[in-house]
Amino acid sequence: MASISLKLYSSSPTLKFQHHSPTFLRKQLISFPTRPKLAAERNLTLSVAREVPAELSTVNDGAITNENKKNPGLEKDPIALWQRYVEWLYQNKELGLYIDVSRVGFSDEFVEQMEKRFEKAFRAMEELEKGAIANPDEGRMVGHYWLRDPNRAPKPFLKTQIQNTLEDICNFANDIITAKVKPPSSPEERFTQILCVGIGGSALGPQFVAEALAPDNPPLKIRFVDNTDPAGIDHQIAQLGPELASTLVIVTSKSGGTPETRNGLLEVQKAFREAGLDFPKQGVAITQENSLLDNTARIEGWLARFPMFDWVGGRTSEMSAVGLLPAALQGIDIREMLTGAALMDEANRSTVLKSNPAALLALSWYWATDGVGSKDMVILPYKDSLLLFSRYLQQLVMESLGKEFDLDGNRVNQGISVYGNKGSTDQHAYIQQLREGVHNFFATFVEVLRDRPPGHDWELEPGVTCGDYLFGMLQGTRSALYANNRESITVTVEEVTPRSVGALIALYERAVGLYAFLVNINAYHQPGVEAGKKAAGEVLALQKRVLAVLNEASCKQPVEPLTLEEVAERCHASEDIEMIYKIIAHMAANDRAIIAEGSCGSPRSIKVFLGECNVDDLYA
Ligand SMILES: O=P(O)(O)OC[C@H]1O[C@H](O)[C@H](O)[C@@H](O)[C@@H]1O
């Protein structure tokens, strides 16, 4: 068993969450040492016994897995680390964006091994951008990159569609904001609110961008109905109150038929009716042409309709009308978002690994997770406004990479799990486990250099600002994790702007695409989601049968309360008795079924009938 004596340096003791008085802490943090001092003053020797696994080799499907990875152990010498940092640092001057992969321990051999795979991935990505059927399972092109560079669209009419849609978005948003287009009956004489109804890719991008970029006082305030939870919908409607009259409702659904979105629409339309408002005059649809939603909006004469294209997936639709319309209505510079994405796309077309930011991420993900998702991706933006970035990436990464089969039909059960919220807040929640617990993750820090707009900073202690603490917490956590062999990537932007947010979105769209090529899967379909939707449909169909059986029994004189077995038998679904029990329990909890005898706690005791019958009929 090889053993290695490693020179480590600890983070400042005060960051070790020891119990000290606030004064002591304040003194310590004020004298928060810089790296050289930290390294010199706080050397700590730790001897780590490390199995040096077998030589790097590729298994039959070419995957490079942990047990085969020649893992020399993470570099810990500060000077050598500094050299690694400098050697691998990616900088995009125009975007003010940096990527640091020096705290991911991939070896030179590994990089060499991956060169060929990246050459293949770069070629595949080039074909994708030229209009190849890169989503073979659905026979579709993958064209979200064309949204920010229409000249790349493979057909002139596609370029025209993209350009015209962007123009329409800008003009419509301007008409709304300038009150050229007004709500029909609003004392405000202008639209003041946006209610976005949509789910998944039709909500997560707009939610992330709103949180990241909406000004403190936007021309229209945005809120979302992104679920079929009646209480959640009621809450949004209640918060709008009389402002429902000046609310623009944007209903987004690429398919035009997603049940949750359709339910949200029906509920909101009900609220409009009850408020005596004319929904179509305040309704906007964003959907594929001739979808159910599109036809509804057209026939009912909604205020506006914007197209979604079949070659743009939900999780990569933020640069389409899905994201651009709500952003523009909040006064966000959507052309800057597109510019940021386009500049990042250009950088990601480099075939030199070290000059391709998305490739650096994909390389790091492959190393950290052995190309099989063996570790989770923890996203830690140290900036409140980027709070929803991880939720956005959960769909982009997990719905793209979480696939049962690869492109050759092998069962691979691929994917990388994503979680995280924001730093330093998350340090007070689960960093304990990350630092010392199960080693099943790699971290991605998102660093924002600009703490406050120029001229607004303030020293809460001599020479120390609030932002310095945030900076210190990020760097301290990164060091503390690495000191315990936890790897991390750091993505740095100078500040959160439409351009940098557009770049971040493009960075991860491309990294996911490259990684998918590396592991040979289709990143652009989602068969597993259809399975869930189908199963939900079956539950509702069974519920209808249960209702019919109960209705028939409840209308008898006297009313005939039924046992679960009797209900199941009459539904010809004895094997579904558990689901029937759950359906009845849910209905009883909402006063739609009456438990005549027994209780849901002891299912076998239940006798049930339908709510509209009164108890007196029971034993008449
Ligand atoms: O935009 P829609 O067609 O309503 O789809 C909304 C969401 O539905 C499903 O969950 C898909 O897997 C997502 O990719 C999609 O974003």
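Quick caveat, the model's predicted, so the values are computed rather than measured. Numbering of ligands and ligand atoms starts at 1, following listing order. Residue numbers count from 1 along this sequence.
Counting protein heavy atoms only, atom 5 (O) of ligand 1 is closest to Thr258 OG1, 3.5 Å. Among protein heavy atoms, atom 8 (O) of ligand 1 sits closest to Lys533 NZ, 4.2 Å. Nearest protein heavy-atom contact of atom 10 (O) of ligand 1 is Val529 CG1, 3.5 Å. In terms of protein heavy-atom proximity, atom 16 (O) of ligand 1 is nearest to Gly201 N, 2.7 Å. Among all non-hydrogen protein atoms, the one lying nearest atom 7 (C) of ligand 1 is Ile199 O, 3.9 Å.
The ligand atoms of ligand 1 that sit less than 4.0 angstrom from a heavy atom of Ser255 are 2 (P), 3 (O), 4 (O). For ligand 1, the atoms sitting less than 4.0 Å from at least one non-hydrogen atom of Glu399 are 11 (C), 12 (O), 13 (C), 14 (O), numbered in the order shown with element in parentheses. Using a 4.0 Å cut-off to heavy atoms of Lys254, the atoms of ligand 1 that qualify are 1 (O), 2 (P), 3 (O), 4 (O).
Ring geometry for His144 against Tyr524 counts as tilted: the plane angle lies between 30° and 60°, on a 0 to 90° scale. Between Phe272 and Phe279, the angle of the ring planes goes over 60°, which puts this pair in the perpendicular group of the 30/60° scheme.
Proximity of Gln526 to ligand 1, defined as any heavy-atom pair under 4.0 Å, is confined to the side chain (atoms from C-beta onward).
The nearest pair of heavy atoms linking Tyr366 to Val519 is CE1-CG1, 3.9 Å. Counting all heavy atoms, side chain and backbone alike, Gln330 lies closest to Pro218 at O-CB, 3.6 Å.
Polar contact with ligand 1: absent for Met308 (N/O pair, distance under 3.5 Å).
Judged by distance alone, with hydrogens and angles left aside, the side-chain atoms of Ser374 form a donor-acceptor pair with the main-chain N or O of Thr369 at under 3.5 Å.
Considering Tyr430, Phe389, Phe441 as possible partners of Tyr419, the one that fulfils the ring-ring contact (aromatic ring centres under 6.0 Å, His included) test is Tyr430.
Cation-pi geometry between Arg510 and Tyr145 is satisfied (NZ or CZ under 6.0 Å from the ring centre, within 45° of the ring normal).
When only modelled atom types and interatomic distance are considered, Gln288 and Asp294 share no side-chain donor-acceptor pair under 3.5 Å.
Closest heavy-atom approach to atom 1 (O) of ligand 1 within the set Pro259, Ser202, Gly198, Gly313: this belongs to Ser202.
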